[in-house]
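Computed over heavy atoms, backbone and side chain alike; hydrogens, waters and symmetry mates excluded.
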Amino acid sequence: QAKQLDGAATGLEEAINTGLEHPNDGALAALNLAHISYVKQNWGSAAEWLEKARSFAVNDLMIKEKMSELEQALASRQN
């Protein structure tokens, strides 16, 4: 599973670096990277990718909701 996550993370990072057409796509890619970091218990990286996700002009309510959920999960880890 770790290798699959690493492969997915590489692809998502490449997509972000290449540039995605829609801000929602960039936010979703960054949010997925944040989630991968969270699953790997890399809290700092998860927080950084979450910030990157928030930097996109998102207009999708589901993405905004998932960002809030991950933010709450990270906050509970830091307490």
If I compare all heavy atoms of [X] with all of [Y], which pair ends up nearest, and what's the gap?
X: S37; Y: A46; answer: CB-N, 3.4 Å
X: A73; Y: S76; answer: O-OG, 2.8 Å
X: Y38; Y: W43; answer: O-CZ3, 3.3 Å

Donor-acceptor contacts under 3.5 Å from residues 18-35 side chains, at least two apart:
residue : atom : partner : partner atom : Å
T18     : OG1  : E14     : O            : 2.7
N24     : OD1  : N59     : N            : 3.1
N24     : ND2  : N59     : OD1          : 2.6
N32     : ND2  : L28     : O            : 3.1

Under the ring pair (Phe, Tyr, Trp, His ring centres under 6.0 Å) test, residues paired with F56 that sit two or more places apart: none
Listed once per pair and sorted, the side chain to side chain donor-acceptor pair (under 3.5 Å) pairs that draw on residues 61-75, sequence neighbours left out: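 Applying side chain to side chain donor-acceptor pair (under 3.5 Å) to every pair that reaches into residues 61-75, excluding sequence neighbours, yields R54-E71, K66-E69.
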Single-linkage hydrophobic cluster, 4.5 Å side-chain cutoff, L50 and M62 together: yes
